[in-house]
Amino acid sequence: MLKCRFAGLSARRVITNPSVCLIYRQLCWAVAQKPLSKTKNALGSKTVFLGPSLEVTIKDKKFPWQQVELKAECNKGYVKVKQLGLNPTSVDSVVVGKGNEVKIKPGQQLHIVNQLYPYTVQFKADPNGNHSSTKRPREPASEDRESQREAQTMNAAKQTEENSVPVSHGEAKTMSENVGHWSQGLKTSMEDPKMQVYKDDKVVVIKDKYPKARHHWLVLPWQSIPSLKALREEHCDLVKHMQRVGDQMIQQCPDSHSLRFRTGYHAIPSMSHVHLHVISQDFDSPCLKNKKHWNSFTTDYFIESHDVIQMLETDGKVTVKEGTSELLKLPLRCHMCRKELPTIPALKEHLKSHFPR
DNA sequence: GTTCTAGAAC
DNA sequence: GTTCTAGAAC
């Protein structure tokens, strides 16, 4: 069973601002209710109204009686947000508009009214449910046998990294509780010593669980940053560091001289927690199975790390062009010779000519 | 993100 | 008949 909760973006704000704290509690309480009906969707859903019951505690005069309706769709991994009041409710700075309804996923930022009261949504495993995860205490990597197995890789990558110190989890640790929904899976993987191939005080590198090429790593910051959309100018150094670590992974790879690599981000990632893909360009993998896989790495859906850094430096944020999701539906085209192939199996057969084993 | 599978395409 | 895709479910 999954529960949904809404959390203020800044813990400090939740604690120091009583009105926000009340909303937070109200949402936690209301949304975690049992399903109203036994429909096909066994988890059901619950609608929450922000307004009447909280009116007395909200000092902000702009907060009307019924400003926003939130409906958690736990099975689908999003929350429907409907703006009831006249004041602008926004998701990722885009105003919803009175009477309109949009979906908000983990990682997206909800402002209840006028860019105030920032919230994110999180899906959490129900401790009483079947999908609850048993969280074990984390052991130091040096004491973990499995990570010793990877020590060679880690040491190779560490050679040029002077400040490799024991990991400070910071926000990431509290986030590890929210592993109920599949989109939160990276948070679990990045904290699993068996998955880690490199780590320092800022980032961790794991092998992609379903690699789409002979070499495919993910570089993740310990800091909890939901997605590209949340990146700001102050993250510039961190993103540059992620790039450097990605480059080091390539350098220590025995195939780095025979294979080309790319480092970049998916414009609209499925998994929460910002992650840099470091992927060899052979795309020789049984896990590459469909058009979405292919186009997500070979069209402009894949945004080069350098371009992300440049956007942060010049605009202070990362802009994804409208219609980017449509790129995933483009015909299959070889990234080497631009030849169009009719099916995935045909494409894979064609790729063998460019990348013989 | 993956898995499963109905039905489209061949 | 088989292969393959694409959308629902998870």
Side-chain angles (χ1 to χ4, degrees), chain A residues 1-4 35 37-45 72-80 103-108 121-126 129-133 175-176 178-192 194-195 204-213 216-220 224-229 264-279 283 285-299 301-303 320 324-334 340-352:
Chain A
M1 292 270 273
L2 296 175
K3 286 178 179 177
C4 174
S37 60
K38 291 183 179 177
T39 57
K40 192 180 174 189
N41 173 0
L43 293 171
S45 57
E73 299 280 355
C74 294
N75 272 5
K76 296 171 184 170
Y78 59 72
V79 174
K80 284 182 181 169
K103 295 168 186 171
I104 179 171
K105 293 181 179 179
Q108 290 189 290
V121 298
Q122 297 175 351
F123 290 88
K124 183 177 180 178
D126 184 339
N130 294 329
H131 292 82
S132 64
S133 63
M175 295 300 282
S176 70
N178 305 287
V179 292
H181 196 258
W182 57 259
S183 65
Q184 308 301 302
L186 284 179
K187 297 188 208 305
T188 315
S189 296
M190 65 187 275
E191 293 194 24
D192 182 353
K194 288 192 282 292
M195 305 288 281
V204 60
V205 182
I206 59 174
K207 283 186 181 177
D208 194 295
K209 198 174 175 184
Y210 300 91
K212 304 300 184 292
H216 188 181
W217 296 284
L218 304 179
V219 183
L220 305 107
S224 182
I225 302 171
S227 71
L228 278 189
K229 284 181 181 174
Y265 301 81
H266 280 155
I268 309 163
S270 301
M271 306 294 279
S272 188
H273 204 108
V274 75
H275 52 283
L276 173 69
H277 289 272
V278 179
I279 184 166
F283 297 110
S285 166
C287 297
L288 197 151
K289 293 178 176 176
N290 58 47
K291 183 177 273 189
K292 182 177 175 178
H293 290 156
W294 179 254
N295 284 331
S296 72
F297 287 103
T298 60
T299 68
Y301 195 91
F302 189 85
I303 306 178
V320 172
T324 298
S325 61
E326 297 304 303
L327 297 175
L328 296 178
K329 299 171 186 169
L330 287 173
L332 299 168
R333 196 175 283 282
C334 175
E340 187 175 320
L341 284 306
T343 64
I344 286 287
L347 171 65
K348 292 193 144 204
E349 195 59 34
H350 172 80
L351 287 176
K352 287 180 183 175

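Chain letters run A, B, ... following the sequence lines, proteins first, then strands; residues in each count from 1. For the numbers below, each heavy atom of this structure counts, side chains included, while hydrogens, waters and symmetry mates do not. Note that the structure is predicted; figures quoted are calculated from it, not measured.
Looking only at side-chain heavy atoms (C-beta outward), A:Lys212 and A:Ile279 come within less than 4.5 Å of each other.
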(message) Across nucleotides 1-10 of chain B, 5' to 3', mark each nucleotide with B, S or - according to how protein heavy atoms within less than 4.0 Å reach it.
(response) BSS-------

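When the shell of 6.0 Å around NZ of A:Lys348 is examined, it contains more than 12 heavy atoms from other residues, nucleotides or ligands. By the 6.0 Å contact criterion, NZ on A:Lys292 is open, its count of non-hydrogen atoms from other residues, nucleotides or ligands being 12 or less.
A donor-acceptor pair is defined here as one N or O able to donate and one able to accept, closer than 3.5 Å; no such pair exists between the side chain of A:His277 and the backbone of A:His266.
Counting any heavy atom pair closer than 4.0 Å across all strands shown, A:Ile344 reaches sugar-phosphate atoms only and no base atom.
Under the side-chain contact (heavy atoms from CB on, under 4.5 Å) rule, A:Leu328 has a single partner from A:Asn295, A:Asn290, A:Ile268, which is A:Asn295.
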